[in-house]
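Worksheet for the structure shown next.
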Amino acid sequence: MASASNSAASSSDLHSNGLHEPLPADPPISDVLSGENISSSSNLDDFLGSSSHGIFRRSSDSNKLGHGDLLEGVNIGDPVSPKAHSNATNSGNLHSLGDCDNHEPCNFSTNGVSNGNDNKGSVILGRNMQYDCLSITEPDIDDDSTGDREAYMASVLARYRRTLVDRTKYHLGYPYNLDFDYGALAQLQHFSINNLGDPFIESNYGVHSRQFEVGVLDWFARLWELEKEEYWGYITNCGTEGNLHGILVGREVFPDGILYASSESHYSVFKAARMYRMDMVKVDTLITGEIDCADLKRKLEERKDKPAILNVNIGTTVKGAVDDLDLVIATLQETGFGKERFFIHCDGALFGLMMPFVQKAPKVTFKKPIGSVSVSGHKFVGCPMPCGVQITRIEHINVLSRNVEYLASRDATIMGSRNGHAPIFLWYTLNRKGYRGFQKEVQKCLRNAHYLKDRLRNAGFGVMLNVLSSTVVFERPQEEAFVRKWQLACEGDIAHAVVMPNVTREKLDKFVEDLIESRLRCTKGGKLVVPCIAKGIGEENCACDQHRSR
């Protein structure tokens, strides 16, 4: 394992280079959310956090949270992988590049209903979808007048903007916060801002935003309780890059390590295994989508001779389940894996930023033996371009760092050039909202998620809402046109809606009304047949005739 003493630049050097100033908007975290509950609903006070780094505290026991402790919750999700997670029986097989995600080839029904023919109605990704093409035409060689061309391009962009406005109205299936106003940053769009190399080391390229980047990294390191001298990180181009980097660090720390991930992990985790040619073991999940630690223990015991690299989900893609980090660590220790023989990467794409503001949520902190945490910036934060934050321990990063003479810097990132505008947008939002602002938005999302769950249940739909989540899982609509209209993420016979800060109750009401009408259009002979989705969400959440009567 690499140590901090081997690093080319000490951690104190990295953080004393004058590239950043503390964020001025927030008081010390110990002064934030000092125990008052912003919520007016006493029924939710125990669920929605209102304490400072007690924001981030829970009791020391690792017992699972239940509906009696919190709200009857739902979880988060990244954009849904199209592959189904129904192949749990073979999940214990050790595999590498060719089949690391262990899924069989899938046929995707266009109407969500099995028709008895595996090929009929299936979607071949990349072939079935048709899009209009805005072709590019070259100006005439002697054309000095561009007025007509400029007018044409302006009309195309105006129509495109109207399309974006319309599609934003019906956006519910993917975890993107569309509620933002960055008008103050329009003055920067004329600059090519590129953050090259190590965020903490100045390069020869001067049009950068490192001072903003390091300020944002400090904010997240503080959130996850890692001192400035002990962390390294950077603003990634997306959440997938955060997972690729976290798993790469684990692989470099333990070159012969085996990657363990639940079958409900984001597809980028399986992509990482293929890219790095890592041996990988897929772990079963509970009906909630949470990792099954009993199965994890069995598979760890079978492979005690190799170090373990684990991906822990702080909100799974489809069901928004939060893996029990404390139980995962306990399972490792019970199986004989000491801290020196495992590396944990926490994929917190959406709920990695939401969960710290839920009082009784399990705590993600570097005071526990984790190696890295990643979160998406374009999800809950609401950055208008894809980006993310990746934080790891500085003692690990030397295994990746390389001097780059061309940049006059060092580099340990995945990508070379990085979007220099993204850190500025993140810095701007963090300053405007602060910890208190994010807590209010988390409360709003969780309340609205329960509102949606109750409306769907009262309308006779099968529905599940996991603890610690704003992702509502329900039966897949049979009309593909409805799925496209509301941009729903589907997997097998279930779909989900992710309640984000921009989602209002009026929007949810409209969605439920449309969904009811869509279901009625699909009735046969005037009789409504509610599909059984117990396999996906559990018998207690299914609304079919068989399970509803129980």
How long is the straight-line distance from CD of Glu513 back to OG of Ser518, given to the nearest 0.5 Å?
13.5 Å
Does the side chain of Arg393 reach to within under 4.5 Å of the side chain of Phe366, using non-hydrogen atoms?
yes
Please confirm whether the backbone N or O of Gly371 pairs with a side-chain atom of Thr392, one donor and one acceptor, at under 3.5 Å?
yes
Minimum-distance pair of heavy atoms, taken over all atoms of Gly336 and Arg341:
O-NH1, 3.9 Å
Between Lys319 and Glu290, does any side-chain N to carboxylate O distance fall below 4.0 Å?
no
Please check if any side-chain donor atom of Asp347 sits under 3.5 Å from a side-chain acceptor atom of Asn243, or the reverse.
yes
Go through the steps for Asp292 and Thr285 under the test side chain to side chain contact (heavy atoms under 4.5 Å, CB included), then give the verdict.
CA-CA 5 Å; Asp292 183 348; Thr285 59; 5.6 Å; no
Determine whether Cys445 and Met354 make a side-chain contact, defined as any pair of heavy atoms from C-beta on separated by less than 4.5 Å.
yes
Please check: side-chain N/O of Tyr174 versus main-chain N/O of Lys379, any donor-acceptor pairing under 3.5 Å?
no
Heavy-atom donor-acceptor pair, His378 side chain to Cys387 backbone, under 3.5 Å
yes
Is it the case that the side chains of Glu241 and Thr236 hold a donor-acceptor pair, with the cut-off being a distance below 3.5 Å and no angle test?
no
Students often mix this up, so state it plainly: with edges at 30° and 60°, are the rings of Trp486 and Phe511 parallel, tilted or perpendicular?
perpendicular
Rounded to the nearest 0.5 Å, the OG1 atom of Thr317 sits from the OH atom of Tyr267 at a distance of 8.5 Å
pair His496-Val472: side-chain heavy atoms closer than 4.5 Å
no
Heavy-atom check, side chain of Lys535 versus side chain of Ile287, under 4.5 Å
no
Report yes or no: does Asp295 contribute a side-chain atom to a donor-acceptor pair with the main-chain N or O of Asp284 at less than 3.5 Å?
yes
Close side-chain approach of Pro307 and Phe337, heavy atoms under 4.5 Å
no
Short N-O contact, Asp326 and Lys363, less than 4.0 angstrom:
no
Within 45° of the ring axis of Tyr435 and under 6.0 Å from its six-membered ring centre, is that where the NZ or CZ of Lys440 lies?
no
Pair Phe270-Lys282, side chain to side chain contact (heavy atoms under 4.5 Å, CB included): steps then yes or no:
CA-CA 9 Å; Phe270 306 110; Lys282 185 187 295 184; 4.1 Å; yes
Ionic contact status for Asp509 with Arg505, cut-off 4.0 Å
no
Rounded to the nearest 0.5 Å, what's the gap from CD on Glu302 to CG on Asp305? Could you check?
11.5 Å
Working to the nearest 0.5 Å, report the span between CG of Asn541 and NE2 of His547.
11.0 Å
Under 6.0 Å from the ring centre and within 45 degrees of the ring axis: does the NZ or CZ of Arg457 meet both conditions for the six-membered ring of Phe474?
no
Check: Glu475 side chain, Phe461 main-chain N or O, donor-acceptor pair, under 3.5 Å
no
Stepwise side chain to side chain contact (heavy atoms under 4.5 Å, CB included) test for Val328 and Cys293:
CA-CA 6 Å; Val328 168; Cys293 283; 3.9 Å; yes
Once rounded to the nearest 0.5 Å, what's the spacing between atom CG of Leu217 and atom CG of Leu226?
11.5 Å
Looking at every non-hydrogen atom in both residues, tell me the closest pair between Cys383 and Leu426 and how far apart they are.
CB-CD2, 4.2 Å
How about Glu301 and Thr335: does a side-chain donor come under 3.5 Å of a side-chain acceptor?
no
Do you know which two heavy atoms are closest between Leu259 and Ala273, and how far apart they sit?
CD2-CB, 4.1 Å
Note: Val499 and Asn448 closest approach over all heavy atoms is CG1-CB, 3.6 Å
Hey, does the side chain of Thr504 reach the backbone of Lys507 with a donor-acceptor pair shorter than 3.5 angstrom?
yes
So that I can tick it off, tell me whether Arg476 and Glu480 are bridged by a salt bridge, with the cut-off set at under 4.0 angstrom between side-chain N and carboxylate O.
yes
Any non-hydrogen side-chain atom of His345 less than 4.5 Å from a side-chain atom of Leu310?
no
Taking all heavy atoms of Pro501 and all of Phe380, pick out the closest pair and write down the distance.
CG-CE1, 3.8 Å
Before you tell me yes or no, could you show the steps for His266 and Thr316 under side chain to side chain contact (heavy atoms under 4.5 Å, CB included), namely the whole-Å CA-CA distance, both residues' side-chain angles and the distance that decides it to 0.1 Å?
CA-CA 7 Å; His266 190 252; Thr316 57; over 6 Å; no
Picking from Leu325, Ile391, Thr365, what satisfies side chain to side chain contact (heavy atoms under 4.5 Å, CB included) with Ile370?
Leu325
Glu264 side-chain N/O to Ile291 backbone N/O, donor-acceptor pair under 3.5 Å:
no
Where is the tightest heavy-atom contact between Gln390 and Gly242, given as atom of each residue plus distance?
OE1-O, 3.4 Å
Determine whether Tyr260 and Asn311 make a side-chain contact, defined as any pair of heavy atoms from C-beta on separated by less than 4.5 Å.
no
Does the side chain of Cys490 reach to within under 4.5 Å of the side chain of Val483, using non-hydrogen atoms?
yes
Can you tell me how far CZ of Phe254 sits from CZ of Arg251, rounded to the nearest 0.5 angstrom?
13.5 Å
Do Ser265 and Asn313 pair up side chain to side chain, a donor and an acceptor below 3.5 Å, judged on atom types alone?
yes
